[in-house]
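Dropping the structure in here first, questions after.
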Amino acid sequence: MVTTKQVELGEHILATITHNTSQTAPVGVPANIIVTERNDTTILLSWDNIPCGSRGGEIQHYMYQLESSKEDHCNVAGNTTERSYNGAALTCKGSLKFRVAGVSKGGAGPYSDFVNIPKVGNIANRFSPGDLGNMVAYLVMITLYQLIK
């Protein structure tokens, strides 16, 4: 898209500014898809934006696909302007897989790889072992600080 604007620079000086704002479809994919909640009735997912140099322009919305096992028949596809998915009305309890793609004014980008989502009741603690280690180290540091203070 090319935009042209006339700007008054002084009493008798007029300038024309032309700006090319062509956008392309993203070439990157959203990263770090995280399951933040999964229970009998809800599934909440979030993800990071596509890296800046791979967006092809401003991301207008995201397309997503949620697929279940053949027995559950809980396939869902849709769009969201948020970097999250809230499947509050889901009734499937089996394993799921989820993927997402960004869409700019230039078109849709590629989908992320599918992320497997465990069955209800199989989701472990949300923290990775590294996160837990960092939290324990922080608590030890605070405790030691309080003791020597």
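Remember, it's a predicted structure, so these values are computed and weren't measured experimentally.
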Next on the checklist: In this structure, is the centre-to-centre distance between the rings of Phe98 and Tyr85 below 6.0 Å?
Outcome noted: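 For Tyr85 and Phe98, the ring centres are under 6.0 Å apart.
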
Checklist entry - Under a single-linkage definition using a 4.5 Å side-chain heavy-atom cutoff for Ile, Leu, Val, Met, Phe, Trp and Tyr, are Leu45 and Ile59 assigned to the same hydrophobic cluster? => result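 Yes.
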
Next on the checklist: List the residues meeting side-chain contact (heavy atoms from CB on, under 4.5 Å) with Pro30, not counting sequence neighbours, and say none if there are none.
Outcome noted: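 By the side-chain contact (heavy atoms from CB on, under 4.5 Å) rule, Pro30 matches Trp47, Ile50, Tyr62, Val100.
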
Item to check | Sidechain-backbone polar pair: Thr36 side chain, Leu44 backbone, donor-acceptor under 3.5 Å | outcome: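 Confirmed, Thr36 side chain pairs with Leu44 backbone.
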
Next on the checklist: Are Glu58 and Lys105 packed together at the side-chain level, in the sense that at least one heavy-atom pair is separated by less than 4.5 angstrom?
Outcome noted: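 Counting from C-beta outward, Glu58 and Lys105 never come under 4.5 Å.
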
Checklist entry - Pro26 and Gly102: which non-hydrogen atoms are nearest, and at how many Å? => result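 Result for this residue pair: CG-O, 3.6 Å.
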
Checklist entry - Is the number of heavy atoms from other residues, nucleotides or ligands under 6.0 Å of Asn79 CG greater than 12? => result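 Yes.
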
Next on the checklist: Under the rule for side-chain hydrogen bond (donor to acceptor under 3.5 Å, both in side chains), what residues qualify as partners of Arg99, not counting sequence neighbours?
Outcome noted: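 If we apply the side-chain hydrogen bond (donor to acceptor under 3.5 Å, both in side chains) test to Arg99, skipping adjacent residues, the hits are Gln65.
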
Item to check | Qualifying residues under side-chain contact (heavy atoms from CB on, under 4.5 Å), relative to Glu82, sequence neighbours excluded | outcome: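 Only Thr80, Ser84 meet the side-chain contact (heavy atoms from CB on, under 4.5 Å) criterion with Glu82.
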
Checklist entry - Given a cutoff of under 4.5 Å between side-chain heavy atoms of I, L, V, M, F, W and Y, with clusters grown through shared members, what are the other residues clustered with Ile34? => result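 Via sub-4.5 Å side-chain contacts, Ile34 links to none.
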
Checklist entry - Can you name the closest pair of heavy atoms from Ala101 and Pro110 and give their distance? => result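 Between these two residues, the closest heavy atoms are CB-O, 3.4 Å.
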
Checklist entry - Side-chain contact, heavy-atom cut-off 4.5 Å: Asn49 with Arg55? => result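 In short, these two side chains touch, coming nearer than 4.5 Å.
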
Checklist entry - Are side-chain heavy atoms of Leu66 and Ile117 found at a separation under 4.5 Å? => result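 Result yes, sub-4.5 Å side-chain heavy-atom pair found.
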
Checklist entry - Can you list the other members of the hydrophobic cluster that holds Met63, where links are side-chain heavy atoms under 4.5 angstrom apart? => result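 Cluster partners of Met63: Val103, Tyr111.
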
Next on the checklist: Please evaluate residues Glu67 and Val76 with respect to the criterion side-chain contact (heavy atoms from CB on, under 4.5 Å), reporting the C-alpha separation (whole Å), side-chain torsions for both, the decisive distance (0.1 Å), and the verdict.
Outcome noted: CA-CA 7 Å; Glu67 295 183 4; Val76 177; over 6 Å; no

Checklist entry - With sequence neighbours left out, what residues match Asn75 under side-chain hydrogen bond (donor to acceptor under 3.5 Å, both in side chains)? => result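 For Asn75 there are no side-chain hydrogen bond (donor to acceptor under 3.5 Å, both in side chains) partners, ignoring immediate neighbours.
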
Next on the checklist: Side-chain heavy atoms nearer than 4.5 Å, only ILVMFWY residues, links allowed to pass through others: does that put Ile33 and Val29 together?
Outcome noted: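 Each belongs to a different hydrophobic cluster.
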
Item to check | Between CD1 on residue Ile43 and CZ on residue Arg38, distance to nearest 0.5 Å | outcome: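 Answer rounded to 0.5 Å: 5.0 Å.
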
Checklist entry - Are the side chain of Ser104 and the backbone N or O of Thr24 linked by a donor-acceptor pair below 3.5 Å? => result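 Such a contact is found between Ser104 side chain and Thr24 backbone.
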
